[in-house]
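Naming: A, B, ... by sequence-line order, numbering from 1 per chain. Values reported hereafter were calculated over all heavy atoms of this structure, with side chains retained and with hydrogens, waters and symmetry mates removed.
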Amino acid sequence: MRIQDEIRNVFMDALRAIGAAEDTALVLEQPKLKAHGDLATPVALGLAKRLGKNPMAIAEAIVKAAHVPHDVIASVDVAKPGFINFTFAPPVLRKNLLEIVSLADRYGSSDMGGGRKWQVEYISANPTGPLVIVSARAAAIGSVLVNLLSFTGHDAEGEYYVNDHGNQVDALGRSLQYRLRERFGTLSVGEEIGAYPGAYLRDIAGRVPEADGRRWADPSFDSGAARCGAFATEHLLAGIRGDLERFGVRFDNFFFESSLHPGPVEQALEILKREEYVYESEGALFFASSRLGDEKDRVLRKSGGEATYFAGDIAYHLSKLGRGFGGVIDIWGPDHHGHITRMKAAAQVLGAPPGWLEVMIVGWVRLVEGDKPVSMSKRAGEFVTMRSLIEDVGSDVAKYFFLMRRPNTPLDFDLELARKQSEENPVFYVQYAHARISSVIKYAESKGVRRERGGEHLDLLAAGEERSLMLHLMFFPYVVEAAARSREPHRLAAYAQELATLFHQFYHACRIVSEDERLSGARLLMAEATMQVLRNTLSLMGVAAPSSM
RNA sequence: GCCCCCGUAGCUCAGUUGGAUAGAGCAACGGUUUCCUAAACCGUGUGCCGCAGGUUCAAUUCCUGCCGGGGGUACCA
């Protein structure tokens, strides 16, 4: 049992003993000040009114009623307005070091999710061009969310929804036709390139076998645009997969919108009809989403008979329901945030339990290079791709920058800072701590100094820096859980930063490999535990933990 | 108009389901290396937490209004 749970149990018992357990949540928090102990609860403050006593007296009563296990909690203090502060017994901190080393890659994992199936859908950018910067941010966040959920006992998988159907694919096909005519010199005078003027389509046009190309480019060939659309989509998707691989992001599944038309879409619409949320107006089929909080009703089938993107998306979510996910998280780009209400409304009508669908919006990313912002519109034909970002600053730096901030806030990505291979760059600070430990361990090996195995001399770890480090290591599992629960990967970055700082401070204050064999053994164990936790954190973030820099 | 996000140190941002004296990085200045990686460490300081109300024993955190910034509001995807 983890120490927080142990404390919780002990003090819930105490609350029962004084008759105050009902409707009382025992929140445990890390105090800001060291003088306030390792963990604290303001529970007495909250009880003051209900019990009609002053908080100090209540806190005293709780402490008196609690059977405090002194091998776990060294001291319990009641402070000023009515806080109860706990200080961990040193053996608990030391034992945790052994646990870290023995659990290794699994330290920090839990069964919080109870093995339930979860899906995270992210990026899902149209295969009408290479992935751009916002997609890179979504890739970082989505993949880490999958990692976090898996690590906390969920059966989580990541999926990419491929919009290979509809108007944009047709438009893409027409733009490719233009490029084919350009290639074969059959362009008509004044002909427009269409929706996708990016030069990448010229490359793709170059890859079309000549005989096919000439046929597809011929205006008298009816399905030329469709052929071109399919060809371009296929090649662009291959490029996207390559970019993702390079970025170190792996999907469990690619789901194709084209597989939803027409059958599954019709099925989904049938359900909406059966639930009486559908009506016809002006020749189009509408979803009465306004009855479920949406601003207005949304078109499912256009008056021309064609299903909308939204209809496909509903069918897609019906598929997710059918696949038995206990919950799904959709990570969307900032341009889609207006779609949340209608999609949730649809999920509800499809029979999804409340809260089943979570939608996260990834904030805009603006590339900054000094003062020069870079245009990123796909349609303008000029944009900064994910690939070029990776080539420029490297995937570790890119990921870390995306994971440093809350997902939904706008982000100025400073390329100049990201390029710097120096102390100004926060990624290297954390990686350096890992590399440094790795190096120390090698040095110890060369000196024949061995790490402590059984924990006999861990009581030698008595310095303030050593205690702070051990304490922080102990909080890792809670940080992981909180990050998973709140869907906030940036907490990992903050934790890693703090852990690196604590290690560097320890490193400067305490000589690890020394003449004192027992002390060296104990400190090596702590160094190794720190390295392990750094590695686990970085691994969850999908960032490399180098052994030398 | 309506809806969503944001407003915290000079800059970029944290701030733990409302808690005790609001923090970190960067930038600035000064210091530390015969010693396991100086990509490190130590020291020096700045905040009407956008404004005004409300709820509460307690508000940066929750509610309302306002101001400022960004975005959304297609029979496009």
Test side-chain hydrogen bond (donor to acceptor under 3.5 Å, both in side chains) applied to Asn425(A) and Tyr400(A), step by step: CA-CA 10 Å; Asn425(A) 195 325; Tyr400(A) 199 92; over 6 Å; no
Validation row: Ile331(A), Leu145(A) side chains within 4.5 angstrom (heavy atoms): yes
OP1 or OP2 of rA74(B) under 4.0 Å from side-chain N/O of Lys302(A): no
Between rG7(B) and rU12(B) - C1' atom distance, rounded Å: 14 Å
Between the protein and nucleotides 56-64 of chain B, which nitrogen or oxygen pairs come in under 3.5 angstrom?
from: rC57(B); atom 1: OP1; to: Lys49(A); atom 2: NZ; distance (Å): 2.6

For His261(A), side chain to side chain contact (heavy atoms under 4.5 Å, CB included) partners two or more places apart: His165(A), Glu257(A), Val265(A), Ala307(A)
C1' gap between rA38(B) and rC42(B), integer Å: 13 Å
Sugar-phosphate, base or nothing in reach of Ser486(A), heavy atoms under 4.0 Å: nothing
Touch class at under 4.0 angstrom, heavy-atom based, for His336(A) against every strand present: base
Sugar-phosphate only, base, or nothing, as touched by Ala527(A) at under 4.0 Å among non-hydrogen atoms: nothing
Along RNA chain B (nearest heavy atom to each residue), the more 5'-positioned of Ile512(A) and Leu411(A): Leu411(A)
Sugar-phosphate only, base, or nothing, as touched by Asp294(A) at under 4.0 Å among non-hydrogen atoms: nothing
Qualifying residue for side chain to side chain contact (heavy atoms under 4.5 Å, CB included) with Val362(A), from Leu411(A), Thr409(A), Ile141(A): Ile141(A)
Whole-angstrom distance between rC66(B) and rC2(B), as gauged at atom P: 8 Å
Presence of Gln505(A) side-chain N/O under 4.0 Å of rC42(B) phosphate oxygens OP1/OP2: yes
Between rA14(B) and rA28(B) - C1' atom distance, rounded Å: 22 Å
Touch class at under 4.0 angstrom, heavy-atom based, for Ala40(A) against every strand present: base
Pi-cation contact, Phe287(A) with Arg342(A) (under 6.0 Å, within 45°): no
Neighbour count above 12 (heavy atom, 6.0 Å) for Arg291(A) CZ: yes
Among rC75(B), rC41(B), rA14(B), the nucleotide that comes nearest once only the side chain of Glu282(A) is considered: rC75(B)
P spacing across the pair rG43(B) / rG23(B), given as an integer number of angstrom: 15 Å
Aromatic ring pairing Phe88(A)/Phe475(A), orientation class (parallel under 30°, perpendicular over 60°, tilted between): tilted
Phe83(A) ring over rA20(B) six-membered base ring, under 5.5 Å and 30°: yes
Base of rA20(B) and ring of His36(A) stacked, centres under 5.5 Å, planes under 30°: yes
Involving RNA chain B, stems made of at least three consecutive Watson-Crick or G-U pairs, both distances under 3.5 Å: B:1-7 with B:67-73, B:10-13 with B:23-26, B:28-32 with B:40-44, B:50-54 with B:62-66
Proximity to the side chain of Gln497(A) - top-ranked nucleotide from rA24(B), rG19(B), rA14(B): rA24(B)
Test item: side-chain donor near acceptor, Tyr277(A) and Gln348(A), under 3.5 Å: no
Touch class at under 4.0 angstrom, heavy-atom based, for Tyr443(A) against every strand present: sugar-phosphate
Pair Tyr122(A), Asp330(A): side-chain N/O donor-acceptor within cut-off below 3.5 Å: no
Atom C1', compared across rA40(B) and rU33(B): separation rounded to whole Å: 11 Å
Sugar-phosphate, base or nothing in reach of Lys296(A), heavy atoms under 4.0 Å: sugar-phosphate
Touch class at under 4.0 angstrom, heavy-atom based, for Ala494(A) against every strand present: nothing
Asp335(A) CG to rA74(B) P, straight-line distance once rounded to whole Å: 14 Å
Touch class at under 4.0 angstrom, heavy-atom based, for Tyr507(A) against every strand present: base
Phosphate OP1/OP2 of rC41(B) contacted by Tyr429(A) side-chain N/O (<4.0 Å): yes
Restricting both atoms to N or O, compile the protein contacts to nucleotides 31-33 of chain B shorter than 3.5 Å, with distance only.
none

Under the side chain to side chain contact (heavy atoms under 4.5 Å, CB included) test, residues paired with Lys273(A) that sit two or more places apart: Glu270(A), Val278(A), Leu285(A), Arg301(A)
Options rA20(B), rA39(B), rC3(B), nucleotide nearest the side-chain atoms of Met549(A): rA39(B)
Integer-rounded Å distance: rC41(B) P and Leu502(A) CG: 10 Å
Nucleotide rU12(B), atom P - distance to CD of Glu416(A) in whole Å: 15 Å
Touch class at under 4.0 angstrom, heavy-atom based, for Ser520(A) against every strand present: nothing
C1' gap between rU61(B) and rU16(B), integer Å: 11 Å
Arg405(A) or Ala307(A), whichever maps to the more 5' nucleotide of RNA chain B: Arg405(A)
Donor-acceptor pair under 3.5 Å, Ser303(A) side chain vs rC75(B) base: yes
Touch class at under 4.0 angstrom, heavy-atom based, for Gln431(A) against every strand present: nothing
Whole-Å distance separating the CG atom of Leu415(A) from the P atom of rU12(B): 17 Å
Any side-chain donor near an acceptor of the partner, Ser75(A) and Thr87(A), under 3.5 Å: yes
Sugar-phosphate only, base, or nothing, as touched by His504(A) at under 4.0 Å among non-hydrogen atoms: sugar-phosphate
Side chain Asn85(A) and base rA20(B) donor-acceptor under 3.5 Å: yes
Restricting to nitrogen or oxygen on both sides, can you table the protein-nucleotides 4-11 of chain B pairs closer than 3.5 Å?
from: rC6(B); atom 1: OP1; to: Arg406(A); atom 2: NH2; distance (Å): 3.3

Sugar-phosphate only, base, or nothing, as touched by Ile441(A) at under 4.0 Å among non-hydrogen atoms: nothing
Over 12 foreign heavy atoms within 6.0 Å of CD, Glu517(A): no
Pairwise C1' distance for rA52(B) and rG68(B), with rounding to whole Å: 15 Å
Face-on cation placement of Arg2(A) at Tyr478(A) ring, 6.0 Å and 45° thresholds: yes
Nearest-angstrom distance from the residue atom CG of Asp516(A) to P of rC36(B): 18 Å
Sugar-phosphate only, base, or nothing, as touched by Val27(A) at under 4.0 Å among non-hydrogen atoms: base
Atom pair distance, as rounded to whole Å: CG in Leu26(A) and C1' in rU17(B): 13 Å
